[in-house]
Colleague: 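Following this message is one structure expressed as structure tokens.
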Amino acid sequence: MTKDSPMSTVVPVMVPMPAERPYSYAVPEDMRVEPGSIVRVPLGPREVAGIVWDGPGEAVAAKRLRAISAVFDCPPISEEMRRFVDWVASYTLSPPGMVARMLLRAPAAFDPEPPTEGLRLVDGMGPDRLTAARERVMEMAGDGQAWTRAGLAHAAGVSSSVIEGLRSQGVFETVSIPPRPLVAAPDPTFGRATLTDGQAAAAARLREKAGTDAFSVTLIDGVTGSGKTEVYFEAVAAALERGKQVLILIPEIALTQAFLERFHNRFGAKPAEWHSDLAPKKRERVWRQVAEGQLRVVAGARSALFLPFRELGLIVIDEEHDPAYKQEDRVFYNARDMGVVRGHIGGFPVVLASATPSLESRVNANQGRYERIVLSSRFADAALPDLATVDMRKAAPERGGFLSPVLIEEMKKTLARGEQSLLFLNRRGYAPLTLCRVCGHRFQCPDCSSWLVEHRFRGQLVCHHCGYNEPRPEACPECGTLDHLVACGPGVERITEEVDRLFPDARTIMLSSDMMGGVKRLRLELEAIEKGEADIIIGTQLVAKGHNFPGMTLVGVVDADLGLANGDPRAAERTFQLLAQVTGRAGRTGRKSLGLLQTYQPEHPVMRAIVTGDAEAFYDRETAERERAGLPPFGRLAAIIVSAATRMEAEGHARGLRRAAPQAPEIDVLGPAEAPLAVVAGRHRFRLLVHGARRSDIQGFLRDLLKAGPKPRGSVRVQVDIDPQSFL
DNA sequence: AGCACGCCGACT
DNA sequence: GTCGGCGTGCTC
């Protein structure tokens, strides 16, 4: 701040809206701000929280200049974090204001948490008359500590009016109790795990890295059950010992309660959680305590990357291949990559862990940008399941069924041994397509033209792309014929029906992300399964994610081919990862276990890779294939998302882009039907896949597209989606 | 992203 | 006659 200026100083303030640069605000004479300060500023008709940014404030017409209304009593956002925001904005081609907005997502946290009112015994004061109730209270409070009124009443077994009576006599004085930390401090020496030789070597290497102030990326590549978590916990311990905060990113943390337990066993306390299901109050407290440095470890979903850490010294990204790390609205980013960048900016190590690493991380490791540590054997006596394909052309299911006799036979055996079976089918609902047997009418979404999926339990037809739904009709809307609608293909509901028919006495549980009762119910069901309260589990991809099912010795993949033919360049990789993860759920206790893949293409590279366990060969092949096609992970523009009302309009954008960029690349338009993306207010998001362009050209593309390209009514919103190989 | 302003259809 | 739909435009 300049002292000599008679005018009030002007500072840049990043406001939470799509502004391309910070806005300028006047600082009142008696106000002190510094870069990073969180301030309240007037913006149009309202007031918002913004962050004082770096550099001198830009000159702005005096008439427009408004003054900061208040500075929040909150630790300033660190310089590292501000550079991170700028970097993410420039890399994702989003307005920095929108990135800053992700950081300001806990509005009530900017003011300090109000201390709670406590009561403490005043020395030498006693009550006028001593009753039995009063005596108990005096005894409890005799330790000289401050108590909350309700806490003391509860502990002494009296009503709070007894306490109130004593307080009005002056026996108690009112003191303020500082807010209690959300979780206890983790103790790096608490529950040291016993590690196998391979694990110990990996842990030592990670400890070495996490014990220094230097950026590095380490990829821990270990089969499911090889103890990756225990190994990276040692890196966490090393960072904690250095007095650093630690961030552990986990996809779908709301469902991963088991992880919190394991952390607790190792560190004697739970980590703080951060995800979108967090209650607002808790959310604020986590944000605040991270900013103050009270919380040392946060386990969170991708948005935890934007928490205001002040002493961050390690990021672990578990299941780094998981597509849930990719945010595909507003600011498009992949938290795995932005995590690496955060480590680079902060000068600290980053650890990526996965049993099925993404191609791009593997390429980065092969080229020496990341260090790769392989954990090749399963922990203790946990054995990998035997894996085999079931050729559905030879072992076809009975008419009307979807389970091959081969699989049914194994389920019978498993049931007889009192062990659990898992049937995996990555498709929610009852049937993916409904048609009229009389006229051939197919039920389609009126908003986005994909097939409506029947949800029989709910009695609805639902669009899985945009959420449109209608009650399932009795008659065909086209020809009016009653009772001739037929469900085509299976979903988990239909498989559950088949299982109930085949095994009427077995205890079955169906797990699906759209299940009634939400996350809470899912958690309970998962717990029940772990306790062995079910024999057969039928589930969508959520069963592939990190749960331990100790009694599970059979995994059947109902349709292993699903997802291979959807036009996504990552289809094979994704399918491989999903199948490897889901079959890895079996045999965790060392019992002999089996995984069966029902497929019509047993010779497909994905099936071969799963059955032979040769992930290396598969990845090499896939990498070469991508390189030939000019696709990611080779550092090129992957996709532009345009918002358009129709496919024709999206094609128009694509033509404009082709014209605007003469060196241009091939552009494919993927509509909502092929690329499931959110549909907003009647407009659809189309993905323009651009082959072979360099990222440095993107800015130009977009400028030209917006300037010279066809502009069919309304705003053209363009977003960039990049799967990079290297981005530092 | 919010939020106001502004111009056309079904109702207290 | 008004309530209310979302299209367009602006925010230091």
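Quick note: numbers below take in every heavy atom, side chains included, and nothing from hydrogens, waters or symmetry partners. Source: prediction; values computed, not measured. In what follows, every chain begins at residue 1, and chains take the letters A, B, ... in the order their sequences are listed.
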Colleague: May I ask you to check whether over 12 heavy atoms, not counting those of A/R521, lie within 6.0 Å of atom CZ?
Modeller: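 For A/R521, atom CZ is crowded (more than 12 foreign heavy atoms under 6.0 Å).
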Colleague: Under 4.0 Å, heavy atom to any atom of DNA chain C: which of residues 45-60 of chain A qualify?
Modeller: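 Those residues whose heavy atoms fall under 4.0 Å from DNA chain C, taken from residues 45-60 of chain A in numerical order, are A/V60.
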Colleague: Rounded to whole angstrom units, what separation is found between the CE atom of A/M17 and the P atom of C/dT11?
Modeller: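 Value for this atom pair: 9 Å.
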Colleague: Excluding sequence neighbours, so at least two apart, what forms salt bridge (charged side-chain N to carboxylate O under 4.0 Å, His left out) with A/E273?
Modeller: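 Expected list: none.
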Colleague: Whole angstroms only, please: what is the CZ-P distance between A/R66 and C/dC10?
Modeller: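 After rounding, the reported distance stands at 16 Å.
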Colleague: Applying salt bridge (Lys or Arg N to Asp or Glu O under 4.0 Å) between A/D322 and each of A/R302, A/R574, A/K545, A/R336, report the one that passes.
Modeller: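 So the option named by the test is A/K545.
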Colleague: Between B/dA1 and A/R101, is there an OP1 or OP2 to side-chain N/O distance shorter than 4.0 Å?
Modeller: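 So the side-chain polar atoms of A/R101 never come under 4.0 Å of the phosphate oxygens OP1 or OP2 of B/dA1.
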Colleague: For B/dA1, take OP1 and OP2 only and decide whether either is under 4.0 Å from a side-chain N or O of A/R330.
Modeller: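 No, because none of the side-chain N or O atoms of A/R330 sits under 4.0 Å from OP1 or OP2 of B/dA1.
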Colleague: Could you state the atom-to-atom distance from OH of A/Y25 to P of C/dT11 in whole Å?
Modeller: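 Checked: the OH to P distance equals 11 Å.
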Colleague: May I have the distance from A/R21 (atom CZ) to C/dT11 (atom P), rounded to whole angstrom?
Modeller: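 My rounded result for the distance is 11 Å.
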Colleague: Report yes or no: do A/E320 and A/S361 form a side-chain donor-acceptor pair below 3.5 Å?
Modeller: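 Per modelled atom types, A/E320 and A/S361 side chains form a pair under 3.5 Å.
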Colleague: Rounding to a whole Å, what distance do you find between A/L43:CG and B/dA4:C1'?
Modeller: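 In whole Å, B/dA4 C1' lies 13 Å from A/L43 CG.
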Colleague: Using a heavy-atom cut-off of under 4.0 Å over every strand shown, decide if A/P22 touches base, sugar-phosphate, or nothing.
Modeller: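 If one applies the 4.0 Å heavy-atom cut-off, A/P22 turns out to touch nothing in the nucleic acid.
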Colleague: Atom CZ of A/R105 to atom P of B/dA1: distance rounded to whole Å?
Modeller: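 My rounded result for the distance is 11 Å.
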Colleague: Whole-Å distance between B/dG2 C1' and A/Y23 OH?
Modeller: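 One finds 12 Å between C1' of B/dG2 and OH of A/Y23, rounded.
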Colleague: Within the supplied structure, the quantity of interest is the number of heavy atoms (other residues, nucleotides, ligands) at a distance under 6.0 Å from A/R83 CZ; does it exceed 12?
Modeller: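 Check fails, neighbour count at 12 or below.
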Colleague: Under a 3.5 Å distance rule, please check whether A/Y325 uses its side chain to pair with a backbone N or O of A/L249 as donor and acceptor.
Modeller: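 Here the side-chain-to-backbone pair exists.
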